[in-house]
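One structure is given here, and the rest of the page talks about it.
Read the numbers this way: they start at 1 and go in the same order the structure lists the ligands and their atoms. Note that the structure is a prediction, hence the values are computed from the model and not measured.
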Amino acid sequence: MGSGERQAVNGTAQVAPRSAPHHAIGVMGGTFDPIHLGHLRLAEEMAEALDLDQVRFIPAGQPPHRDMPRTSASHRLEMVRRAVAGNPRFTVDAREVEKPAPSYTVDTLTALRAELGPDRPLWLLLGADAFAGLPAWHRWSQLFALAHIVVATRPDADAARPDALAAALQQELSHRQVPAGSATGPAGAVVFQNMTALDISATRIRAILARQGSVRYLLPDAVLDYIHQHQLYPLP
Ligand code: ATP
C-alpha cells in the first residue's frame, strides 16, 4: 500500500503515516555495474507482491564476495540514482559506497535495523543465484535475525530448487520457508516469489558494450546516456 494504509477511525477513512512501524522496507543490494532492467523489475515485482512501502537500492562499495568492479563506486551510484528516479517507492542508500572498507550485508542490515527499530519488517531482496550463494556470505546465518528474505525465482531455474541448495541452506529453509503473504514479524522468514524471467546480466551488458554493440532496452535510457557520456566500459 504505497501511499499509506487506510484505516477507519470513527467511521472516517484516515491515511496512516508512511513511517508507521509495520510498513515493510525492501533492501536491494548489488554491484550494479551497471544497473539494468533485471534489477529494477525484481525490485518492482517484489515490492508489489510483499506490499513494500519502500525499496532501498544499496550499491556495494568494495564487494567482498567477488572481484572489484572496474567501474568506480561513484559512477555505479550515479547510474543507480538515474535508474530509480521517478519511482516514488525506490530510494538510493549510499552507505556502502561511502565506506572505505569492504561492506558486508550483515553489517549493513545491522545498521538499518538499529535505525528502523526492532519492529519494522525488513526484506532482503535476492535473485535465486544470489540466494544459492548465501552460505559463502560473511556471518550469513545471522541475516535471518535481521530481515526476511524474498527470493525472486523463475519457474525453470535450477538455483531455486531446494535440493540444489547447500545442506546448511536447506536446513534453514526447512523451518523458515513460508508462502508469500504468510510471513509475520520483522525478520526470519524466507519466501520464494516468481518474477518475470529477464535474461539480463551486467556481465553480458559489459561484454556487448566492449564490442560496441547495442544494449538499448536492457537498461534505462538515462543509464545508457550516462554510460555514453562518461565513456564507461571501454574495450579491454
Ligand atoms: P554481474 O553480471 O556483474 O554478476 P548481475 O547482473 O548479476 O551482475 P548483481 O549486481 O550482481 O547483478 O546482482 C544484484 C542482485 O540482482 C542479485 O540478487 C541478483 O541475483 C539479482 N539479479 C541480477 N540480474 C537479475 C535478473 N536478470 N533477474 C533477476 N534478478 C537479477
Any idea which part of T203 is under 4.0 Å from ligand 1, heavy-atom wise: side chain, backbone, both or neither? both
Minimal heavy-atom distance between A152 and M195, with the atoms involved, is CB-SD, 3.6 Å
Start with the C-alpha distance between E172 and S141, add both sets of side-chain angles, then the distance that settles side chain to side chain donor-acceptor pair (under 3.5 Å), and finish with yes or no. CA-CA 8 Å; E172 291 289 349; S141 54; 5.3 Å; no
Qualifying residues under ring pair (Phe, Tyr, Trp, His ring centres under 6.0 Å), relative to Y226, sequence neighbours excluded: H75, H230
In this structure, does ligand 1 have an atom that sits under 4.0 Å from one of the heavy atoms of D33? no
Close N or O approach (T31, ligand 1; < 3.5 Å): yes
Is it true that E45 and N194 share a donor-acceptor pair across their side chains at a distance under 3.5 Å? no
N/O of G127 under 3.5 Å from N/O of ligand 1, yes or no? yes
Is the closest heavy-atom distance from G29 to ligand 1 below 4.0 Å? yes
With heavy atoms under 4.0 Å as the rule, classify the contact between R204 and ligand 1 as side chain, backbone, both or neither. neither
Assess R41 for proximity to ligand 1: is some non-hydrogen atom of it under 4.0 Å away? no
Gap separating the CG atom of L42 from the CG atom of L126, nearest 0.5 angstrom: 8.5 Å
Among pairs that include at least one residue of residues 185-199, which meet salt bridge (charged side-chain N to carboxylate O under 4.0 Å, His left out), considering only residues two or more places apart or in two chains? D199-R204
Using a plain distance cutoff, I'd like to know if A128 has any nitrogen or oxygen under 3.5 Å from a nitrogen or oxygen of ligand 1. no
So, R76 and D33, do they make that salt bridge, N to O below 4.0 Å? no
Please indicate whether any nitrogen or oxygen in F32 is less than 3.5 Å from any nitrogen or oxygen in ligand 1. yes
